[in-house]
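This report concerns only the one structure given below.
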Amino acid sequence: DERTDRSEGLDGTDRSVRARGPGELTLTAVVLFALGAYGIAAGGVTGEERAVAVGIFAFTVFAVGVIWPIVALAGLHVSVVAPTDATVGDAIRLRIQLRGRGGRVEVRVLDPTGNWWRASIPIDTVIEHRATRRGVFDHVRVQVRTSAPLGVFLRTRQARVALPVPIRVAPRPRPSPVSVHPVTTRAET
């Protein structure tokens, strides 16, 4: 299911973001899947019940590791509060709150893409973000990801969060050279 989300972020550019499925498998997932397949196949051929049990256990851990991050981020509620005024180039302090199920997550602000910050849900924190373009912005794009608790599947979710009050980003004043021209005096006659 591929979707395109068009939005204008804090840098003022029109972003086209494609959702590429629910997430990505990690190396742990590959190992668990291979162990499960090998255990079931080898146990089936040799009749060894312990190998089949290990294979079934590996597949169970694999399935839980994929489903858990999807469920954790499905019920996530994101809210952002920003200052009402800023200047291009300023570091804006965004107050971000994440509520819902889940545990450890990483969060970052997009437009422009910021650094990932690790935290545990519920989160009520301040993240600095750079204003790169002037304008009036009524939303912020936030990206959250997790692979907790097993590290099998990395689920990423992006939210376009409406700001309670728009932020107005003014242009950065430029110093201009001052040129002083003498005023000619008029001769009175």
Aromatic ring proximity, centroids under 6.0 angstrom, Phe153 and Phe62:
no

Steps toward side chain to side chain contact (heavy atoms under 4.5 Å, CB included) verdict (Val144, Gln158)
CA-CA 6 Å; Val144 182; Gln158 182 173 301; over 6 Å; no

Leu94 side chain near Val81 side chain, heavy-atom distance below 4.5 Å
no

For the residue pair Ile127 and Val107, establish whether any side-chain heavy-atom pair is separated by less than 4.5 Å.
yes

To the nearest 0.5 Å, what is the distance between CZ on Arg118 and CG on Asn115?
12.0 Å

Measure across Thr87 and Pro173 and return the closest heavy-atom pair with its distance rounded to 0.1 Å.
CG2-CD, 4.2 Å

For a side chain to side chain contact (heavy atoms under 4.5 Å, CB included) check, start with the C-alpha distance between Leu163 and Asp138, then their side-chain angles and the critical distance, and finish with the verdict.
CA-CA 5 Å; Leu163 294 172; Asp138 62 352; 5.7 Å; no

If you round to the nearest 0.5 Å, how far is CD1 of Ile70 from CZ of Arg157?
13.0 Å

Got Asp85 and Ile167 here, is their nearest side-chain heavy-atom distance under 4.5 Å?
no

Would you kindly confirm whether Ile96 and Leu76 end up in one hydrophobic cluster when ILVMFWY residues are joined by side chain heavy atoms under 4.5 Å apart?
yes

Between Arg99 and His77, do the side chains contain a donor N or O and an acceptor N or O under 3.5 Å apart?
no

Side chains of Leu110 and Val142: closer than 4.5 Å at any heavy-atom pair?
no

Please determine whether residues Leu35 and Ile40 belong to a single hydrophobic cluster, defined as Ile, Leu, Val, Met, Phe, Trp and Tyr linked transitively by side-chain heavy-atom distances below 4.5 Å.
no

Rounded to the nearest 0.5 angstrom, the OG1-CG distance for Thr156 and Leu73 is 8.0 Å

Any heavy-atom pair between the side chains of Val66 and Leu25 that's under 4.5 Å?
yes

Would you say Arg155's side chain and Ala148's backbone share a donor-acceptor pair under 3.5 angstrom?
no

Asp124 versus Arg95: any side-chain heavy-atom pair under 4.5 Å?
yes

For Arg104, give me all partners under salt bridge (Lys or Arg N to Asp or Glu O under 4.0 Å), at least two apart in sequence or on another chain.
none

Looking only at heavy atoms, what is the nearest atom pair of Pro69 and Thr146, with distance?
CB-O, 3.8 Å

How about CZ on Phe59, more than 12 heavy atoms from neighbouring residues, nucleotides or ligands closer than 6.0 Å, or not?
yes

Do Pro166 and Phe137 make a side-chain contact, defined as non-hydrogen atoms from C-beta onward lying under 4.5 Å apart?
no

Any chain of hydrophobic side-chain contacts (each under 4.5 Å) joining Ile123 to Ile92?
yes

Is it true that Arg141 and Asp111 make a salt bridge, defined as a side-chain N closer than 4.0 Å to a carboxylate O?
yes

Which distance, rounded to the nearest 0.5 Å, do you find between the CD of Glu106 and the CZ of Arg108?
9.5 Å

Looking at Ser147 and Val152, would you say the former's side chain and the latter's main chain have a donor-acceptor pair under 3.5 Å?
no

Transitively linked via ILVMFWY side-chain contacts under 4.5 Å: Ile121 with Trp117?
yes

Establish whether Phe57 and Leu150 are linked, either directly or via other cluster members, by ILVMFWY side-chain heavy-atom contacts under 4.5 Å.
yes

Let me see the working for Asp90 and Arg130 under side chain to side chain contact (heavy atoms under 4.5 Å, CB included), right down to the final yes or no.
CA-CA 6 Å; Asp90 285 354; Arg130 185 96 24 214; 5.6 Å; no

Quick one, Val88 and Thr132 - any side-chain contact, counting heavy atoms below 4.5 Å?
no

